[in-house]
K.L.:
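The structure under discussion is supplied below as structure tokens; questions concerning it will follow.
Counting starts at 1 for both ligands and their atoms, in listed order. Quick caveat, the model's predicted, so the values are computed rather than measured.
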Amino acid sequence: MVTPPEKNYINGFATIQRKTTEVRESLMEPVIDQVTKFLHSNRTNAEQTLAEFLAIPSVSADPKHRADVRRAAEWVAEFLSQMGLRAEIVPSDTGHPVVYAETPYREGFPTVLIYGHYDVQPAEDPTLWESPPFQPTVRGDAIYARGASDDKGQVLTHLLSVRAWYEVTKSWPVNFKFIIEGEEEVGSSALETFVDKYRDRLTCDCVVVSDGNQFGPGQPAITYGLRGIAYFELRLTGPNRDLHSGSFGGTVTNPATALTMILGRIMGQDGRITIPGFYDDVLPLSDEERRRLRELPFDERAFWATLGVESALGEPGYTVLERRWARPTFEVCGLWGGYQGEGAKTVIPAEAGAKISFRLVPHQAPERVRQQLLAYLAQICPPGVRIELVDLHASPAVVTPLDSPYIKAAEMAVKAAFSAPPVFTREGGSIPIVGLFQERLGADILLLGWGQDDDNTHAPNEKFSLTDFHRGTLASAYLWEFIRKVAKSHET
Ligand code: BES
Ligand code: ZN
């Protein structure tokens, strides 16, 4: 790809007389080509760097890994400092630190905030992993490790591309601000405080986030929507101790049985959520968007086949993609109560519980959903058990406008790197801070996921394709070039 050279790529160039500059530039290889060559010849090094990052077990949910999470923050800060930036590790009162850095501000250049997370989900049962979760292992085209796709591998694509620009030009193509946080997988609560506190300092033209997926192998995507979430733990307590289910069965309410009754009433047999008022605020899909989603090459049966099922219960009247990206859902994420061991034990447990989540869509406020759930629980809870609802996560859904010049830049960058134009998709997952960036910073959001649906994020054997890792890095390098261009043409 040939891109005409621009002024001011290299420090000091602007001071050279214009005529001379033009002559020199015409003889010089365009900077973007130098950057992409640099990236190409440093691929092995990039993979080693990724493996080093992945070897740190930065599990934010587990207090045992507190020091490891800190080590991952230091690793990111060190990486940034290698390109002459002073990265700050900003502690939080409640959780894990935020790594923040910015390039020296240059007037007339757009400002891009790069966001990502260095924390990872718990690896859980090590016997389910083919290679240990924190010993990154390459098999075929992919690197296997917890956090490979979500999100260390994706974050690193941007760090590497910025570093490549810096190595080639000893400067930065745009103004950068970096927020790489350590609490995304546990809800980003500390980051909210951080954004509020440093709001003025975080001013930017656009926010770039790579923490999601492409539409399919070889089919890159620009994501313009994320679902929100309202996540709770539901605790039920009954008798003051476990009881013999023969001696006491029929005399008290069994909390485990009550739990199944309650859960069974949150969603109907038809897949619709039955909490009164739950759908009131849901922003309906427009006919135009439904048409666009239907045009995406997606085969529901083939999709189910990849997941080992033949069909599914879901909200009637909507396609699988609509249900997945743009309709709210209810999921039981965990469930306990009573005897779980070998064989049978006749017991009425004193308590039972569940982790339940609602994925939310635009205009649904997590707090309103909480209130509606509380009112409904009060109504359907059988006598003889007490209910406690513990808040775990709350974040609203996000939809970003597609007419932004930065989306245009991203489209060109992705196309250049992946040799295929991106399709426009939404995502079912949540990135809690993105809505806040949009609201408080008023910046355009670019969600550019380099992962794949079968990356096993949050599951055993998480992986990230090395081809996608390198293509993502390349797309990131192009992105800065194109952002500069669109920002300029936008001004004039
Ligand atoms: N990377 C995911 C979000 C995501 C998932 C984007 C799938 C696109 C497709 C992110 O790290 C994540 O897992 N977020 C959590 C947020 C929760 C802990 C509040 C999620 O969606 O469950
Ligand atoms: Zn995640």
K.L.:
Think R292 forms a cation-pi with F424, using NZ or CZ under 6.0 Å from the six-ring centre and within 45 degrees of its axis?
P.N.:
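Not satisfied by the 6.0 Å and 45° rule.
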K.L.:
With a heavy-atom distance limit of 4.0 Å, tell me whether Q121 approaches ligand 1 through its side chain, its backbone, both, or neither.
P.N.:
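No part of Q121 is near ligand 1 at this cut-off.
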K.L.:
Would you mind listing which atoms of ligand 1 come within a distance below 4.0 Å of any non-hydrogen atom of H117?
P.N.:
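So the answer, numbered in order with elements, is 11 (O).
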K.L.:
Between H65 and F134, how do the two ring planes meet: parallel, tilted or perpendicular, split at 30° and 60°?
P.N.:
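The rings of H65 and F134 sit tilted, inter-plane angle from 30° to 60°.
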K.L.:
Under 3.5 Å, N or O to N or O, is E184 touching ligand 1 that way?
P.N.:
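So ligand 1 has an N or O lying under 3.5 Å from an N or O of E184.
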K.L.:
At the Zn ion (ligand 2), what is the angle formed between atom OD2 of D150 and atom NE2 of H458, rounded to the nearest 10°?
P.N.:
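Nearest ten degrees: 90°.
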K.L.:
Which atom, among the N/O/S set of E185, is closest to the Zn ion (ligand 2)?
P.N.:
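The nearest such atom is OE2.
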K.L.:
Among all protein non-hydrogen atoms, which one is nearest to atom 1 (N) of ligand 1, and what is the separation to 0.1 Å?
P.N.:
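It is D211 OD1, 2.7 Å.
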K.L.:
For a quick test of reading the model, state the closest non-hydrogen atom pair linking D453 to R324 and the distance between them.
P.N.:
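What the structure gives for the nearest pair is OD2-NH2, 2.8 Å.
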K.L.:
For residues Y115 and E181, is any side-chain donor paired with an opposing acceptor at under 3.5 Å?
P.N.:
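Y115 vs E181: donor-acceptor pair found between side chains.
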K.L.:
To the nearest 0.5 Å, how far apart are CZ in F232 and CG in L389?
P.N.:
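The CG atom of L389 is 5.5 Å from CZ of F232, to the nearest 0.5 Å.
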K.L.:
Below 4.0 Å, non-hydrogen atoms only: which portion of P432 touches ligand 1? Side chain, backbone, both or neither.
P.N.:
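Contact part for P432 vs ligand 1: side chain (C-beta onward).
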K.L.:
Given H393, E185, R359, identify the one with the heavy atom nearest to atom 22 (O) of ligand 1.
P.N.:
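It is R359 that holds the nearest heavy atom.
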K.L.:
Could you identify the single nearest non-hydrogen protein atom to atom 8 (C) of ligand 1 and state the distance to 0.1 Å?
P.N.:
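The closest heavy atom on the protein side is E427 CD, 3.3 Å.
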K.L.:
Of all the heavy atoms in H458, does at least one lie under 4.0 Å from an atom in ligand 1?
P.N.:
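Yes.
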K.L.:
Where is the nearest protein heavy atom to atom 5 (C) of ligand 1: which residue, which atom, and how far?
P.N.:
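The answer is G429 CA, 3.8 Å.
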K.L.:
For atom 15 (C) of ligand 1, which protein heavy atom lies nearest, and how many Å away is it?
P.N.:
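For atom 15 (C) of ligand 1, the nearest protein heavy atom comes out as S430 O, 3.5 Å.
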K.L.:
Does the distance from a Lys or Arg side-chain N to an Asp or Glu carboxylate O, for E322 and R327, drop under 4.0 Å?
P.N.:
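Looking at E322 and R327, the cut-off is not met.
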K.L.:
Which pair of heavy atoms, one from R272 and one from E315, lies closest together, and at what distance?
P.N.:
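That would be NH1-OE2, 3.3 Å.
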K.L.:
Looking at E388 and R386, does any basic side-chain N land under 4.0 Å from a carboxylate oxygen?
P.N.:
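Judged by the 4.0 Å cut-off on N to carboxylate O distance, E388 and R386 do not form a salt bridge.
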